[in-house]
Amino acid sequence: MATAMAQPAQESREQWNHQAGFILAAIGSAVGLGNIWRFPGVAYSSGSGAFLIPYLIALLTAGIPILFLDYAIGHRFRAAPPLAFRRMAKWAEPLGWFQTGLLFVIGIYYAAVIAWAMSYFVFSFDLRWGDDPATFFVSEYLQVGDPVVSTTPVWGVLIPMALVWILMLVVLLLGVANGIGKLNMIFIPLLVVIFTALVIRALFLPGALDGLDAFFTPDWAALADPNVWIAAYAQIFFSLSIAFGIMITYASYQRRKANMTSSGLVVAFANSSFELLAGIGVFATLGFMAHQANTQVSELEGLTGPILSFVTFPKVIAEMPGGNIFGMLFFASLVLAGVTSLISIMQGVSASVQEKFSIDRIKAGLIVSILMGAVSLFLFSTTSGLIALDTVDMWSNNIGIVLSAIVMSILTIWIMRRGRELRIHLNAVSTFKVGPWWTVLVGILGPVVLGFMLVQRVITLITEGYEGYPGWYIGVFGWGTIAFVFIVSVVFTLIPWRRKEFSDAQFNAWPPVKENRS
Ligand code: PFF
């Protein structure tokens, strides 16, 4: 029973072709570089097998509930974050732009990592990195300089990065169903096949079982360390792509009668399964590495982040029979996982711009890809790329996203008081029903745990700095990132909406929630 007023916006909205299109796209967004290069190392350094406990608790108490919150907002208010929040309360629009700003920042460095993986896919043919992959990665490939802003281009990065941006542009222009839907329909099954082959190969390497032993043997004492819990919550947020506005955007293209919570459970389960699979593959491989070096996995270094993928793995690959193929499979997985996440980021930004300025998908796609591509190439294809990337990543994920999740939960549940309405909405369309516990998790537990996490992080970053980088650098690329996102929130909110019905923020596309339906 849509009211006449909401009709124009409704009619022209893009839609997924089918439920599977949405689910695959949401999995594509969730399964990304974070699963392959972040999870195994974080789990290992945070209690190994014992980490699964905080990880599962974080998934159940914050991950899935906030994923449902994102879905409910997107599906009920049928818009990208700025308009979705505005439809809940006019003054809430800046939160939407805050999330969009974060996406902008993450997108521009995420593309660089995909570009590195593309280069390394090619380098795998002849194991180009030789016997010293660390020096090769930092000095020969990236040509890292001091942490200063440099304008010297690194062609080996710039060319694949340009290709990534062209791909993003093409997929965005093709639209939600024909571009993003189809891309995920091909890339996700391909990723699963390639990655499974890789893990099976890894399990047959000598020493693989010792690697698994290191990965799974629980260190129970770690559970008493608050940092381990912080790491678990941070991992879940980044990994599920929640509180970034992505899932709001994707859910807004769902049909009206779409089973939201059940899809959410499928997405969360698939993401965590992939994460676990990556842990098994990575640690089986590291077991082999330790075996070759006649040492223990615990003695190895460089087990997380870019160093794991671009230094440690190349080293193992070079020692392995059939290493070229293993290398190609590994870097192809990174590219596939990365591209399906990056496209979700791009759609989030593009949809926000499309709605605000009332321009069509093609124009918004062109503007956003060209702008983000240009900034991304300028900042990250130069000799200062690695350090800038590392700093921006730290601040956007550990401060930006946590702040966004806290503010979103508190505003939605406590200030705008939309908790009950959103819960009833979810239950009206879904088979898996959410009880009042959901409001408690989103409105109380989430903000408390996340608030604690945020304060801890801010204190550590202020008192200890980061990686010994100079203060001015941390100011510009670290805190500057957060300041930039704040400025985006204010400036874009101040720009007037082109369409009157958006500016009025009246939105009555759904029947009002009934008291007796929950
Ligand atoms: N979830 C992705 C990963 O695990 O790598 C990363 C990501 C994608 C984060 C999209 C945020 C986002 F909006």
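Just follow the structure's listing: the first ligand is 1, and inside any ligand the first atom is 1. Only this structure's heavy atoms are used, side chains among them; waters, hydrogens and symmetry mates stay out.
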Under 4.0 Å from ligand 1 - residues by heavy atom, chain and number: Ser29, Ala30, Gly32, Leu33, Gly34, Asn35, Leu103, Tyr110, Phe238, Ser239, Ser241, Phe244, Ile246, Ser341, Ser344, Ile345
Ile482 backbone acceptor or donor facing Ser396 side chain under 3.5 Å: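 Judged by distance alone, no pair lies under 3.5 Å.
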Cation-pi, Phe502 ring and Arg86 (6.0 angstrom, 45 degrees): no
Tyr233-Thr61 side chain donor-acceptor pair, cut-off 3.5 Å: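 Yes, Thr61 and Tyr233 have a side-chain donor paired with an acceptor closer than 3.5 Å.
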From CA spacing to verdict: ring pair (Phe, Tyr, Trp, His ring centres under 6.0 Å), Phe274, Phe195: CA-CA 9 Å; Phe274 194 93; Phe195 204 75; 4.9 Å; yes
Parallel, tilted or perpendicular, as decided by the 30° and 60° cut-offs, for the rings of Tyr250 and Trp16: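 If you compare the ring of Trp16 with that of Tyr250, the planes turn out perpendicular.
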Derivation of the side-chain hydrogen bond (donor to acceptor under 3.5 Å, both in side chains) call for Tyr55 and Ser272: CA-CA 10 Å; Tyr55 176 82; Ser272 290; 2.9 Å; yes
